[in-house]
Amino acid sequence: MIRTLLLSALVAGALSCGVPTYPPSVTRVVGGEEATPNSWPWQVSVQYNSNGKWYHICGGFLIANSWVLTAAHCISSSRTYRVVLGQHNLNIAESGSLTVSVSKIVVHPKWNSSDVSNGYDIALLKLAHPVSLTDKIQLACLPPAGTILPNNYPCYVTGWGYLQTNGPASDVLQQGRLLVVDYDTCSSPDWWGSTMKTNMICAGGDGVISSCNGDSGGPLNCLAADGRWEVHGIVSFGSSLGCNYYHKPSVFTRVSKYIDWIKSVIANN
Ligand SMILES: *[C@@H]1O[C@H](CO)[C@@H](O)[C@H](O)[C@H]1NC(C)=O
């Protein structure tokens with residue numbers, strides 16, 4: 001009996017991230033599409049305050065009850081932030097969503113805002129209080145340290161960002177299917193060349209499938225062999241030439257490079 005209980009506790013623990021209550025619709029739609037509501041339940045909206053009003057600035061994702069992962073370039077030390085969890089349409093009040101203020105921000109010490117191509121575009125936001133997990137608010141799984149996805153591995157980027165180059169942002173959460181471009185390809189001269197570093201991951205860049213969907217700080221979600229979604233990338237930068245530029249895939253911070261840093265920040269804060 002105790003063994004059975006222990007085993008089910010272990011199984012429950014193993015499934016406590018990356019398994020949405022409302023499964024995402026994983027299609028091969030080209031150009032991005034509206035996500036099934038609450039099907040990426042770790043996705044959050046990072047918002048800043050200006051003159052008493054709150055504005056969506058970046059995506060992010062929940063990795064522990066009190067911690068959100070986002071991009072360092074989203075953060076300006078002079079601003080006040082909050083995160084909205086469990087939301088689909090940013091412009092209406094939705095049941096099950098939750099707004100929590102950010103009590104502490106830890107930007108990677110090697111981040112240099114004058115040198116995005118150096119990488120380290122990663123920051124942790126500590127929430128003012130731990131959130132309870134629900135059908136609409138769940139944790140993302142992080143990949144094992146050092147994991148490298150093979151070329152053409154399919155993933156989904158999600159966010160409320162631009163739908164097309166210079167286009168309007170979206171009210172409802174969008175998803176876009178992107179194929180991983182491996183380091184050797186992405187760092188070759190006619191792709192990103194030396195801008196691409198080993199602490200990054202590229203996805204997209206065929207000039208057809210939108211890599212505009214999603215916005216900075218948001219997750220690149222990739223289905224693992226065990227059926228859980230792992231977040232392998234944090235949206236970092238793209239081509240100034242446009243969202244869908246041929247051979248200029250979206251570039252993400254490679255999460256599997258930062259597992260030890262993430263664990264130590266959480267343990268020490
Ligand atoms: C940040 O990057 C800029 C541009 O490459 C460089 O001049 C500067 O020295 C860097 N700062 C630090 C602290 O490394």
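Each ligand, and each atom within it, is numbered from 1 in the order the structure gives. In this text, all values refer to a predicted model and were calculated from it rather than measured experimentally. We're numbering straight along the sequence, starting at 1.
- Polar contact with ligand 1: present for Asn112 (N/O pair, distance under 3.5 Å).
- Among protein heavy atoms, the minimum distance from atom 4 (C) of ligand 1 is reached at Ser114 O, 3.8 Å.
- Considering every non-hydrogen atom in both Ala140 and Phe61, the closest pair reads CB-CD1, 4.0 Å.
- Within 6.0 Å of atom NZ in Lys257, 12 or fewer heavy atoms from other residues, nucleotides or ligands are found, so the atom counts as exposed in its surroundings.
- The protein does not reach atom 7 (O) of ligand 1 closely, with no heavy atom under 4.0 angstrom from it.
- Closest approach of Ile63 and Leu124 over heavy atoms only: CD1-CD2, 3.7 Å.
- Of all atoms in ligand 1, listed by their number and element, those nearer than 4.0 Å to a heavy atom of Asp115 are 2 (O), 5 (O).
- Looking at every heavy atom in both residues, Gln47 comes nearest to Leu90 through NE2-CD2, 4.3 Å.
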